[in-house]
Colleague: 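Would you mind keeping the following structure in view while I ask a few things?
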Amino acid sequence: MAGGARLPRSFLARPSVAVAPELLGCLLVRAAPRGRLLARIVETEAYEESDPASHSYRGRTSRNEVMFGPAGCLYVYFTYGMHFCMNIVTGREGEGSAVLLRAAEPLEGLDSMARHRGTDDPRLLCSGPARLCQAFGVGRRENGLDVVRGRDVFLLAGEPAPCSPVRVTSRVGIRNGGERPWRFLLEGDPFVSGGRPARDRGVRGSRGS
DNA sequence: CGTTGGATTGGCT
DNA sequence: GCCAATCCAACGC
């Protein structure tokens, strides 16, 4: 279970909507004292600066500044008062775009992940953006890490053939999600998150124009 | 300055 | 299905 070469920065320095589906099947790795943590990415979402749902939409702040930096950095944010979520920064430097890692299939270090998560069920270890962060021990300290050159957290190319077809839906927890169907997941994979795609906010009885 | 609600999860009705 | 947990960024006054 080696995995391929590390993903080059050129792969990530493209629009998030192009990178997100291609990250499916790639391996997320974290160096750890006892062995390593490794999981295969099965669900992602793209975020762009032009997108009202993106943290970068309203410009640069101390919270989102990593999103505007070079591609290949880890953007970790804190939300709901208790959870962290991680993104891979994409696009050109100065642009605020990234891909949210939403779910992965745990492959190595399941014992450590289980300790971090407080459960043994492999399907509950990395099947959600906050679960994935918790399993990998990713928090504030990891914000800004370079996954291209770094030795702590990095990405490896996936297996030759991603067997499962890629399914595209609207993103989870986003208003008017149908406008930007930027969630990508491996169809039928048991390790995707349970998040339901966002629906468009509609006025009942209205027919739009 | 006060209020609101979120790129979530887990537990309970 | 509903809601609390629990912080903090964004926005309104």
Side-chain angles (χ1 to χ4, degrees), chain A residues 12 15-21 23-24 28 39 41-69 71 73-91 95-106 113-145 147 153 167-186 190-201:
Chain A
L12 299 167
S16 63
V17 180
V19 175
L23 279 177
L24 298 178
L28 175 68
I41 298 167
V42 299
E43 180 179 338
T44 59
E45 284 180 358
Y47 287 86
E48 284 290 327
E49 197 172 334
S50 59
D51 166 20
S54 173
H55 291 169
S56 57
Y57 180 66
R58 289 163 191 85
R60 203 169 189 140
T61 67
S62 55
R63 179 205 204 191
N64 65 21
E65 69 175 77
V66 173
M67 268 187 99
F68 291 85
C73 288
L74 205 60
Y75 167 48
V76 181
Y77 69 88
F78 181 69
T79 191
Y80 288 101
M82 46 171 40
H83 297 302
F84 292 98
C85 296
M86 70 172 124
N87 298 251
I88 306 298
V89 175
T90 56
E95 246 176 27
S97 68
V99 172
L100 172 69
L101 303 186
R102 285 196 55 90
E105 172 186 0
M113 293 184 195
R115 271 200 312 279
H116 290 148
R117 289 274 303 115
T119 176
D120 279 348
D121 186 342
R123 290 166 62 129
L124 295 178
L125 292 178
C126 305
S127 301
R131 289 171 175 171
L132 179 62
C133 270
Q134 193 177 28
F136 273 72
V138 167
R140 259 183 250 284
R141 287 200 326 246
E142 284 69 32
N143 187 39
L145 287 185
V147 305
V153 179
R167 178 172 165 74
V168 182
T169 77
S170 56
R171 293 167 297 175
V172 178
I174 299 297
R175 292 197 195 273
N176 296 335
E179 291 173 7
R180 294 181 179 77
W182 291 350
R183 178 195 188 207
F184 307 90
L185 51 94
L186 294 182
F191 295 94
V192 299
S193 80
R196 296 226 324 279
R199 290 196 332 195
D200 284 341
R201 175 166 52 168

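We name chains A, B, ... by the order of the sequence lines, and we start the count at 1 in each one. Model, not experiment: these values are computed from the prediction. Only heavy atoms go into these numbers, but all of them, side chains included; no hydrogens, no water, no symmetry mates.
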Colleague: Provide the closest heavy-atom pair for Phe68(A) versus Gly59(A) in the form atom of the first, atom of the second, distance.
Modeller: CZ-C, 3.8 Å
Colleague: Which parts of nucleotides 1-13 of chain B does protein reach within less than 4.0 Å, heavy atoms only, written one letter per nucleotide 5' to 3' as B for base, S for sugar-phosphate only and - for none?
Modeller: -----BBBSS---
Colleague: Quick one: stems for DNA chain C, with Watson-Crick or G-U pairs under 3.5 Å, at least three in a row?
Modeller: B:1-6 with C:7-12, B:8-12 with C:1-5
Colleague: Verify whether one side chain among Glu48(A) and Ser16(A) offers a donor that lies under 3.5 Å from an acceptor in the other.
Modeller: yes
Colleague: Without decimals, in angstroms, what is the distance between Asn64(A) CG and dC8(C) P?
Modeller: 16 Å
Colleague: Taking dA7(B) as the reference, what is the distance to dG1(C) when you measure between their C1' atoms (whole Å, please)?
Modeller: 22 Å
Colleague: So which atom in Arg102(A) and which in Gly195(A) form the shortest heavy-atom distance, rounded to 0.1 Å?
Modeller: NH2-CA, 4.3 Å
Colleague: To the nearest 0.5 Å, how far apart are OG1 in Thr44(A) and CD1 in Ile88(A)?
Modeller: 10.5 Å
Colleague: How many angstroms lie between atom CG of Leu186(A) and atom CZ of Arg167(A), to the nearest 0.5 angstrom?
Modeller: 12.0 Å
Colleague: To the nearest 0.5 angstrom, please state how far the CZ atom of Arg115(A) sits from the CG atom of Leu125(A).
Modeller: 12.0 Å
Colleague: Parallel under 30°, tilted from 30 to 60°, perpendicular over 60°: which one fits the rings of His55(A) and Tyr75(A)?
Modeller: perpendicular
Colleague: Write down the distance separating the P atoms in dG2(B) and dT6(C), rounded off to the nearest Å.
Modeller: 22 Å
Colleague: Drop me the distance from Leu74(A)'s CG to Leu101(A)'s CG, to the nearest 0.5 angstrom.
Modeller: 7.5 Å
